[in-house]
Protein chains: 2
Amino acid sequence: MASARQHTGQAADPSTPARPTGRDVARHAGVSQATVSLVLGGKWQGRVSSRTAETVRAAAEDLRYRPNLAARHLRLGRTRTALLVVPALSNDFFSRVHAGAARVAREHDLGLVLYPSPEGIAPAPDPFESTPATLDGVIASSMAPEALAALHGDLPLVMLDSDPAGTRAAATVNPDIADGMRRVAEHLLALGHRRIAHVSASVGSWTFHHRARALAQALAGTSASLVCTERSALTVAGGLRAATRALATDPRPSALVCDDDLLAAGACKAARRHGYRIPQDVSVTGFDDLDLATALEPELTTVRLPAEEVGATGMRALIGVLEGRQPDTALLPVALARRGSTGPAAGQRSPGAETG
Amino acid sequence: MASARQHTGQAADPSTPARPTGRDVARHAGVSQATVSLVLGGKWQGRVSSRTAETVRAAAEDLRYRPNLAARHLRLGRTRTALLVVPALSNDFFSRVHAGAARVAREHDLGLVLYPSPEGIAPAPDPFESTPATLDGVIASSMAPEALAALHGDLPLVMLDSDPAGTRAAATVNPDIADGMRRVAEHLLALGHRRIAHVSASVGSWTFHHRARALAQALAGTSASLVCTERSALTVAGGLRAATRALATDPRPSALVCDDDLLAAGACKAARRHGYRIPQDVSVTGFDDLDLATALEPELTTVRLPAEEVGATGMRALIGVLEGRQPDTALLPVALARRGSTGPAAGQRSPGAETG
DNA sequence: CCGAAGGAGTTATACGTAAAACTTCCCTGT
DNA sequence: ACAGGGAAGTTTTACGTATAACTCCTTCGG
């Protein structure tokens, strides 16, 4: 077929130019590999003359040298890399957590690998199997207890938005969920709401148990009552189903407190399908202040969690652990974003509520 | 302060039990390290007796042995790991792309690291600096040309949702955007819309240029006209601003075609602030079919992109490149999701449109 | 004028793994 | 009886880096 002339790539094969190693740089600069390592590692003060150092840097630049990270990791035994495990990517709470953690990691010249648990909130197969690098530490956010148990290994662990007790975590960083629920309750009480329904998520994550408890506590001893709690999947469709059930209770609640903005979006749809206006007939509150909260109409009254700060604080805590310090649990302040989805309870005049 | 009795951890320090190596397993099983490597690497057929193999596996299990990935990577020169670069995490298009790519990666026993470009759509600092492992390949989604240029290096590259021409990518995988826009245009034409405004994103990503061109082409030669194109940031707030401008044109457009569901959500808010009902007074279409599309009310008519399939196909293409095959460009079919945000044009009876 | 002290490097080594090359033993066919 | 060959291992080596340990040279104090 091919002419005898054409003998395709059997010798001298330069298909991959074999990326340069430190030894290549050394040869090119006329020094030893050790010197290259010293210079490029920045530890050459008093070991190498600045003239030589400059030569080495030029050679490295020239050859486009990139250190082989595998070799470095093997040598050092550490990777300066942490893993951030999140239960879902589509939820922008987690992308904000990641942004915060990534910022701090960059500031400290650490690597950060994001590991989205493939099965939603369910346990990940095994982050340590599927992660390419050996890791120095792990940050896990909003993990269900069973997923947490699967996090074997002896790596330093920082938990975010998780149960501060009963884990092997070196530190825990939480937004002040209880305070958030308290603010929601106070807000609704001030608007005159007395019959409140709770739309919750059926996932096993600790944070939702915590939210439910916090709401019950916030309403305890007030003139308002929790008429029902409906659970469903943590989706808009789930919120729609749960809120439909909640609105069927008689007499119907005047406010739906949702554990998450996704659920709240579903609750809004449910209310409208029942023919109720928001907030005139039914008030709806969310939680987390996702992007979704201000995309809806009316915009959701919700609890803004300091997601970036949670991620950043978690990363700082992990760095502390790695450096041998003994960090402790952090509780970060939250805020109530009052928006259009809540208003005075229908047929009631609340004492201090606006009347216009 | 502390009693003399208490001398905290200074000798015999067993704080880190020094995780076991292959040599430890070998000692424990009474074989050589090479045998351990053969057995655990699965290549012991005809090299090691099955009895010995079982012993080795038991020893590994016993010591909870995990291979040191850094050492393996150094030895093999490959990491069996790819990088997926996405411009934003909060957009669930990308989380779906990732899900698809991750599924295929898992099936092929490859690692996949997700690299969210920190500065939104802007160029990443350098994925290769901040990524812990040396990589075998890169998949990049929806990158702006300038960001693409920054992707130096000679790694095999697969581009998703990007310009098939003028890149050094070994393969490109795109949803059929042009067909999507054509379907949107046909849908609106069938509903009787003749004055159409375009709400576009001001980001440099190729996909938005492509969408704009596709819309213009789809409307060319029809009875409808494109009354204006308004650009803004790729956010709900941006869509609100752009759509507000678009609705101010006189006579006003009866339909707003948005390049993204985020923009469409903003457009819906803009329409309502003008006092227009959706879809009775103004129809709105989105693009991408994000989760947001069905969280809104009315639900958005939008183009559903096969995001998981884009990610999966991209990953398969990369695997093909890594295995030396020569893959080519793929164009994946899209669908129009007809929902509540579009309806017959006001004051017009369209030939085939429903009249109820 | 000699030993000590640095300065400026180099040489050598270890990290843990995969696999090529080697060894040993036993069986088998002629 | 003996070459041949496979089974069942072992020994050895290389991957690229960081750094401890070493060498050689110059300078300087006493």
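Throughout, protein chains are lettered first and strands after them, A, B, ... in sequence-line order, and every chain is numbered starting at 1.
- Of the residues in residues 46-60 of chain A, those placing a heavy atom less than 4.0 Å from an atom of DNA chain D are A/Arg47, in numerical order.
- Summarising the geometry, the separation between NZ on A/Lys43 and C1' on C/dG9 is reported as 18 Å, rounded to the nearest angstrom.
- Here B/Ser95 pairs with nothing under the side-chain hydrogen bond (donor to acceptor under 3.5 Å, both in side chains) rule; sequence neighbours left out.
- The residue A/Gly22 sits close only to the backbone: its heavy atoms come under 4.0 Å of sugar-phosphate atoms, none of a base.
- DNA chain D is contacted by B/Val31, B/Ser32, B/Ala34, B/Thr35 of residues 26-38 of chain B, taking any non-hydrogen atom closer than 4.0 Å.
- As a whole-Å value, the separation of A/Gln45 CD from C/dA8 C1' is 14 Å.
- Rounded to a whole Å, the CG atom of B/Leu69 is 13 Å from the P atom of C/dG16.
- Checked against side-chain contact (heavy atoms from CB on, under 4.5 Å), A/Ala170 has the following partners two or more places apart in sequence or in another chain: A/Val321.
- A search for salt bridge (Lys or Arg N to Asp or Glu O under 4.0 Å) contacts involving B/Arg78 returns nothing, not counting sequence neighbours.
- Under the rule for a salt bridge (Lys or Arg N to Asp or Glu O under 4.0 Å), B/Asp136 has no partner lying at least two apart in sequence or in another chain.
- Not a single salt bridge (Lys or Arg N to Asp or Glu O under 4.0 Å) links A/Arg23 to another residue, sequence neighbours left out.
- Rounded to whole angstrom, the span from the CZ atom of A/Arg78 across to the C1' atom of C/dG16 amounts to 17 Å.
- At the heavy-atom level, B/Leu74 lies under 4.0 Å from base atoms of the strands shown.
- The salt bridge (charged side-chain N to carboxylate O under 4.0 Å, His left out) contacts involving residues 309-323 of chain B comprise B/Glu309-B/Arg316, B/Glu323-B/Arg325, where partners must be two or more places apart or lie in separate chains.
- As a whole-Å value, the separation of B/Arg72 CZ from C/dC15 C1' is 16 Å.
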Using atom types as modelled, flag every donor-acceptor pair under 3.5 Å from a side chain in residues 40-53 of chain B to any protein atom, sequence neighbours excluded.
{"from": "B/Ser49", "atom 1": "OG", "to": "B/Thr52", "atom 2": "N", "distance (Å)": "3.2"}
{"from": "B/Ser49", "atom 1": "OG", "to": "B/Thr52", "atom 2": "OG1", "distance (Å)": "2.8"}

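- A donor-acceptor pair under 3.5 Å is absent between the side-chain atoms of A/His28 and the main chain of A/Asp24, judged by distance alone.
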